[in-house]
Amino acid sequence: MQALPALTKKPNGICLFIDLEKGHRISCLTDRESPMTTASNGARTVPIILATALLTLLGTVATPLVTWLTEKTTLRANTIKYCQARVDADQATLRARGEAFLLSVGQFDTKLKEPMAYENFKEKNAELGSLSWAITEGAWRLGVYAPPELTLAGIELATGAQTIVHGKVQERTTDINLLSSRITNWINLFRDSNEGFNKQRIACESDVSLGKS
């Protein structure tokens, strides 16, 4: 009669001892090969696979996102830079034209203080008349880039210069007396225009942030 198998437990697994008539056979299944161990290993492998897949997915999504953010930041910086460069160019033009205008005014004022008869400036001194037209032209050219108050002050100076040359005696006297204060007022407004340009540069950043560029 064939013997029933004997089941023994070993430290590292399970051994099945079979006593056959023609011999003995021992079959051992270690813990690493047991179904419970395999299932346990599989349970540990699944989270690793999921984590790897998740990291891969995050990398796939993050790459274009980082690229987009970088491009957006670069675009914003370039837009601000272009806006501020445009302000710098306007300020440089205003300074150049303001310098030319003030030079004409200074030459006119210097010539006006030379001893001469007040009856007819245009006939007595053709240079004074030429300078008054230079002031008028400069005032209008300046107005293209100047803030409104500076433009009006320049036009007031130009009008006064024309009156001094071509006006009646009483009108000439009045504008000659006002010339110095008008020059001072224009210079102060011209200096104040620098602050206006600084505000425009700051506005470049806020306008870009608000999507106004």
Side-chain angles (χ1 to χ4, degrees), residues 74-213:
T74 302
L75 177 61
R76 181 180 184 278
N78 290 338
T79 303
I80 293 174
K81 183 178 180 180
Y82 170 76
C83 179
Q84 292 180 341
R86 185 174 54 193
V87 175
D88 291 342
D90 289 346
Q91 185 178 25
T93 302
L94 179 63
R95 283 177 176 173
R97 294 188 178 185
E99 180 182 351
F101 175 77
L102 191 58
L103 179 61
S104 299
V105 172
Q107 291 173 340
F108 181 87
D109 184 50
T110 300
K111 195 69 180 177
L112 185 63
K113 291 177 180 178
E114 293 180 358
M116 65 177 70
Y118 281 7
E119 285 74 13
N120 195 321
F121 284 115
K122 186 176 181 180
E123 292 179 1
K124 295 291 182 179
N125 199 321
E127 185 179 359
L128 196 63
S130 177
L131 288 172
S132 70
W133 284 112
I135 292 173
T136 301
E137 181 183 5
W140 288 107
R141 288 172 60 84
L142 188 66
V144 177
Y145 294 93
E149 59 275 10
L150 183 61
T151 300
L152 292 176
I155 293 174
E156 185 179 40
L157 260 173
T159 303
Q162 291 293 330
T163 302
I164 290 171
V165 175
H166 303 289
K168 297 178 181 181
V169 175
Q170 184 59 42
E171 294 173 338
R172 293 173 185 170
T173 302
T174 300
D175 281 281
I176 287 173
N177 293 333
L178 292 174
L179 182 61
S180 179
S181 62
R182 287 172 175 172
I183 293 174
T184 301
N185 180 54
W186 186 91
I187 291 174
N188 291 333
L189 290 173
F190 184 76
R191 289 174 178 171
D192 292 343
S193 67
N194 290 325
E195 181 62 26
F197 285 111
N198 291 334
K199 291 179 179 179
Q200 289 183 43
R201 292 187 184 91
I202 296 174
C204 286
E205 298 184 14
S206 60
D207 286 350
V208 169
S209 298
L210 296 174
K212 296 181 181 180
S213 60

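Along the sequence shown, residues are numbered consecutively beginning with 1. Computed from a predicted model, the values in this text were never measured in an experiment.
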Using side-chain heavy atoms (C-beta onward) and a distance below 4.5 Å, is [X] in contact with [Y]?
{"X": "Val144", "Y": "Thr151", "value": "no"}
{"X": "Leu94", "Y": "Leu142", "value": "yes"}
{"X": "Glu156", "Y": "Leu178", "value": "no"}
{"X": "Arg76", "Y": "Ile80", "value": "yes"}
{"X": "Val165", "Y": "Trp133", "value": "no"}
{"X": "Leu179", "Y": "Asp175", "value": "no"}

Is it the case that the side chain of [X] and the backbone of [Y] share a donor-acceptor pair, with hydrogens and angles ignored and the cut-off at 3.5 Å?
{"X": "Ser193", "Y": "Phe190", "result": "yes"}
{"X": "Asn185", "Y": "Ser181", "result": "no"}
{"X": "Gln162", "Y": "Ser132", "result": "yes"}
{"X": "Asn177", "Y": "Thr173", "result": "yes"}

Distance (rounded to the nearest 0.5 Å) between [X] [atom1] and [Y] [atom2]:
{"X": "Arg182", "Y": "Ile187", "atom1": "CZ", "atom2": "CD1", "value": "14.5 Å"}
{"X": "Thr184", "Y": "Leu189", "atom1": "OG1", "atom2": "CG", "value": "11.0 Å"}
{"X": "Ile135", "Y": "Phe101", "atom1": "CD1", "atom2": "CZ", "value": "6.5 Å"}
{"X": "Asn188", "Y": "Ile183", "atom1": "CG", "atom2": "CD1", "value": "12.0 Å"}
{"X": "Gln200", "Y": "Gln84", "atom1": "CD", "atom2": "CD", "value": "11.0 Å"}
{"X": "Lys113", "Y": "Phe108", "atom1": "NZ", "atom2": "CZ", "value": "11.5 Å"}

Set of salt bridge (charged side-chain N to carboxylate O under 4.0 Å, His left out) partners for Glu127, sequence neighbours left out: Lys111
Salt bridge (charged side-chain N to carboxylate O under 4.0 Å, His left out) between Asp90 and Arg86, intermediate numbers included: CA-CA 6 Å; Asp90 289 346; Arg86 185 174 54 193; 5.8 Å; no
Glu149, CD atom: more than 12 neighbouring heavy atoms under 6.0 Å: yes
Partner residues of Arg201 under the side-chain hydrogen bond (donor to acceptor under 3.5 Å, both in side chains) criterion, sequence neighbours left out: Asp88, Gln91, Asn198
side-chain hydrogen bond (donor to acceptor under 3.5 Å, both in side chains) partners for Arg97, two or more places apart: none
Heavy-atom closest pair, residues Ala134 and Ser104: CB-OG, 3.9 Å
Closest approach of Trp186 to Leu157 (non-hydrogen atoms, all atoms of both residues): CB-CD1, 3.8 Å
